[in-house]
Amino acid sequence: MAAELYELSNGTITVKITNFGATITSLLVPDANGNLADVVLGFDTVEPYQKGAGRYFGCIVGRVANRIKEGKFRLNGLDYSLHINNPPNSLHGGKIGFDKVLWEVAEYNNDKFPSLTLKYHSKDGEEGYPGDLSVIAKYSLPSGASLKLEMEAVPTNKATPVSLAQHTYWNLAGHNSGHILDHSIQIWASHVTPVDGNLIPTGEIMPVTGTPFDFASERKIDSRIHEVPVGYDHNYVLDCGEKRCGLKHAAKVKDPSSSRVLNLWTDAPGMQFYTGNFVSGVVGKGGAVYEKHAGLCLETQGFPNAINQPNFPSIVVQPGEKYKHTMLFEFSTV
């Protein structure tokens with residue numbers, strides 16, 4: 001099985017996905033005048049992804065997204081140690097997470113109902129995690145200008161933590177347009193989980209009112225980013241969004257130059273809002289050079305380090321139970 005690129009198109013938007021890391025490599029979306037732009041950071045070919053050239057550009061991360069403190073947790077009386085790939089923590093599944101493996105193409109349709117279904121079997125002990133885990137990710141274009149991702153995972157023989165996330169870097173002005181600081185964002189969250197100096201949540205669930213983390217009303221990303229050391233890289237508690245078809249409104253992003261709008265809906269409890277703080281000098285598609293704040297991530301997820309925080313929603317899935325996580329990206333213009 002080789003790493004390939006697969007295209008889904010419905011006449012309005014066109015997405016390219018590789019089965020290496022279940023990664024979105026390109027997404028063409030029209031602006032208010034019908035002009036198309038590629039709104040995700042990435043590379044023209046599969047090879048740079050395989051070499052780790054991007055910082056999780058476009059991929060699905062797992063078995064557990066985000067950070068686990070010191071790469072350790074205890075489950076059912078046993079202690080587990082994970083690879084420390086983001087010292088002193090384990091990040092996004094470890095050294096070889098789901099973003100760095102080949103997924104099997106289970107089904108590919110680029111007809112009236114475009115979709116790509118990918119499968120991956122994670123073995124017991126992989127990256128230190130307990131039990132075998134069967135994972136499915138289905139990308140589809142359900143309507144004119146929307147992209148849907150449905151993720152499922154079933155442990156077969158041991159309880160295990162599971163929290164998958166989609167790690168695309170968005171720039172609605174176009175991947176090669178510079179920074180996203182003039183984008184505006186609204187996040188349907190009245191709380192965040194503040195972090196310590198190693199970006200591990202303290203366990204507190206903090207109201208955002210009156211803080212630089214308050215995006216309950218739409219405002220520009222750069223309005224208070226200078227008050228946040230390094231930039232935004234925080235988990236928002238999705239607790240106040242309107243619900244529709246089993247999903248809640250998580251975020252709305254607008255780009256003033258193109259008038260493109262992205263609305264994100266999800267059934268996950270949290271969302272990491274990340275402003276590309278650690279991107280530096282990455283040569284991407286068409287020779288574009290991505291620097292700090294070149295894109296933003298909206299990683300819906302279980303809470304970071306939830307496996308070690310009893311007051312956070314549990315991410316443990318029992319054998320035979322099914323983990324489910326759906327994201328709906330809706331594009332429009334102002």
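For the numbers below, each heavy atom of this structure counts, side chains included, while hydrogens, waters and symmetry mates do not. We count residues from 1, following the sequence as given. These figures come from a predicted structure and were not determined experimentally.
The nearest pair of heavy atoms linking Phe57 to Tyr49 is O-CE2, 3.7 Å. The minimum heavy-atom distance between Ser314 and Val316, with the atom names listed, is OG-N, 3.1 Å. Smallest separation of non-hydrogen atoms from Ala159 and Gln318: CB-OE1, 3.4 Å. Residues Gln272 and Pro304 come closest through the heavy atom pair OE1-CG, 3.9 Å. When all heavy atoms are compared, the tightest approach of Ala3 to Thr18 is CB-OG1, 4.3 Å. Taking every heavy atom of both residues into account, Ala32 and Thr333 meet most closely at N-CG2, 3.4 Å.
Side-chain contact check for Tyr120 versus Ile60: every heavy-atom pair is 4.5 Å or farther apart. A 4.5 Å side-chain heavy-atom check between Ile221 and Ile180 finds at least one atom pair inside the cut-off. Counting heavy atoms from C-beta outward, Lys252 and Val261 have side chains that approach closer than 4.5 Å. The closest side-chain heavy-atom distance from Val253 to Leu298 is below 4.5 Å. In this structure the side chain of Trp265 never reaches within 4.5 angstrom of the side chain of Lys148, judged on heavy atoms. Annotation: side chain of His121 is in contact with side chain of Asp132 (closest heavy-atom distance under 4.5 Å). Looking at heavy atoms from C-beta onward, Val237 lies out of side-chain contact with Val192 at the 4.5 angstrom threshold. With contacts defined as side-chain heavy-atom distances shorter than 4.5 Å, the pair Thr326/Leu149 does not qualify.
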### Task
In sequence, state the C-alpha distance, the side-chain angles, and the governing distance for Val29 and Leu27, and then conclude on side-chain contact (heavy atoms from CB on, under 4.5 Å).
CA-CA 6 Å; Val29 178; Leu27 181 57; 3.9 Å; yes
### Message
Let's go through Ile315 and Val64 carefully: what are the C-alpha distance in whole Å and the side-chain angles of both, what is the deciding distance for side-chain contact (heavy atoms from CB on, under 4.5 Å) to 0.1 Å, and is it a yes or a no?
### Response
CA-CA 9 Å; Ile315 60 167; Val64 174; 4.0 Å; yes
### Task
Please test Asn19 against Glu4 for side-chain contact (heavy atoms from CB on, under 4.5 Å), starting from the C-alpha separation and ending with a verdict.
CA-CA 6 Å; Asn19 57 320; Glu4 305 282 355; 4.1 Å; yes
### Message
Quick one, Glu127 with Ile96, criterion side-chain contact (heavy atoms from CB on, under 4.5 Å). Give me CA distance, side-chain angles, the key distance, then yes/no.
### Response
CA-CA 7 Å; Glu127 290 299 316; Ile96 304 176; 3.6 Å; yes
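There is no side-chain donor-acceptor pair under 3.5 Å between Asn89 and Asn86. A donor atom on one side chain and an acceptor atom on the other are not found under 3.5 Å apart for Asp99 and His92. Between the side chains of Ser190 and Asp239, at least one donor N or O sits under 3.5 Å from an acceptor N or O. Side-chain contact of His249 with Asn263: a donor-acceptor pair under 3.5 Å is present, judged by distance alone. Checked by atom type, the side-chain pair Ser115/Ser140 shows no donor-acceptor distance below 3.5 Å. Looking only at atom types and distance, the side chain of Asp255 has a donor-acceptor partner in the side chain of Ser258 under 3.5 Å away. His175 and Tyr290 share a donor-acceptor pair across their side chains, judged by distance under 3.5 Å alone. Side chain to side chain, Asn66 and Gln301 meet the donor-acceptor criterion of an N or O pair below 3.5 Å. For the residue pair Thr202/Asp196, the side-chain donor-acceptor check at 3.5 Å is not satisfied. In summary, the side chains of His325 and Thr300 do present a donor paired with an acceptor at a separation below 3.5 Å, with no hydrogens or angles considered. At a cut-off of 3.5 Å, with distance as the only test, a side-chain donor of Arg63 or Thr160 sits close to an acceptor on the other residue.
Comment: Lys158 engages Asp124 in a salt bridge, judged by a side-chain N to carboxylate O separation of less than 4.0 angstrom. With respect to Asp38 and Lys285, a salt bridge is recorded, a charged nitrogen being found less than 4.0 Å from a carboxylate O. A salt bridge links Glu152 to Lys322: at least one charged side-chain nitrogen sits closer than 4.0 Å to a carboxylate oxygen.
Atom CD1 of Ile200 and atom CD of Gln309 lie 9.0 Å apart (nearest 0.5 Å). Atoms CD and OG, from Glu70 and Ser90 in turn, are 11.5 Å apart once rounded to the nearest 0.5 Å. Within the model, atoms NE2 of His183 and CZ of Arg260 stand 9.0 Å from one another, a figure rounded to the nearest 0.5 Å. Distance check: Leu118 CG to Phe20 CZ gives 13.0 Å after rounding to the nearest 0.5 Å.
Neither Tyr323 nor Leu247 shares a network with the other; the hydrophobic side chains, linked directly or stepwise wherever heavy atoms of I, L, V, M, F, W or Y lie under 4.5 Å apart, form separate groups for each. Linking ILVMFWY residues whenever their side-chain heavy atoms come closer than 4.5 Å, directly or via other members, leaves Trp103 and Phe43 in distinct clusters. No path of Ile, Leu, Val, Met, Phe, Trp and Tyr side chains, each step under 4.5 Å between heavy atoms, connects Tyr108 with Met1, placing them in separate hydrophobic clusters. Residue Met327 is not grouped with residue Tyr56 when hydrophobic side chains (ILVMFWY) are merged at heavy-atom distances under 4.5 angstrom, including chains of intermediate members. A single hydrophobic cluster is seen to contain both Tyr80 and Ile307, as judged by linkage of ILVMFWY side chains at heavy-atom distances under 4.5 Å, directly or through other members.
No donor-acceptor pair closer than 3.5 Å links the side chain of Arg224 to the backbone N or O of Glu227. Put simply, the side chain of Asn109 never gets that close to the backbone of Asp111: no donor and acceptor are under 3.5 Å apart. Remark: the backbone N or O of Gly178 is paired with a side-chain donor or acceptor of Asn171 at under 3.5 angstrom. Asp31 places a side-chain N or O within donor-acceptor distance of the main-chain N or O of Asn35, the cut-off being under 3.5 Å. Proximity of a side-chain donor or acceptor of Thr23 to a complementary backbone N or O of Thr25 within less than 3.5 Å is not detected. For the pair Tyr274 (side chain) and Asn277 (backbone), a donor-acceptor distance under 3.5 Å is present. No side-chain donor-acceptor contact under 3.5 Å links Lys100 to the backbone of Gly94. Looking at Glu299, its side chain never comes within 3.5 Å of a backbone N or O of Gln166 through a donor-acceptor pair. Side-chain atoms of His191 do not come within 3.5 Å of backbone N or O of Ile205 as any donor-acceptor pair. Put simply, the side chain of Ser163 gets close to the backbone of Gly302: a donor and an acceptor are under 3.5 Å apart.
Few gaps surround CZ on Phe278; more than 12 heavy atoms of other groups in view lie less than 6.0 Å from it. Heavy-atom contacts from other residues, nucleotides or ligands closer than 6.0 Å to NZ of Lys248 number more than 12. Atom NZ of Lys292 is surrounded by more than 12 heavy atoms from other residues, nucleotides or ligands within 6.0 Å.
When each of Trp188, Tyr232, Phe213, Trp170 is checked for a ring-ring contact (aromatic ring centres under 6.0 Å, His included) with Phe273, only Tyr232 meets the rule. Only one option out of Leu36, Leu28, Leu141 pairs with Ile13 in a side-chain contact (heavy atoms from CB on, under 4.5 Å); it is Leu141.
Geometric assessment of Arg219 against the ring of Phe215 yields a positive cation-pi assignment under the 6.0 Å and 45° thresholds.
Listed by chain and residue number, Pro142, Ser143, Leu328, Glu330 satisfy the side chain to side chain contact (heavy atoms under 4.5 Å, CB included) test with Ser146 (two or more places apart in sequence, or in another chain).
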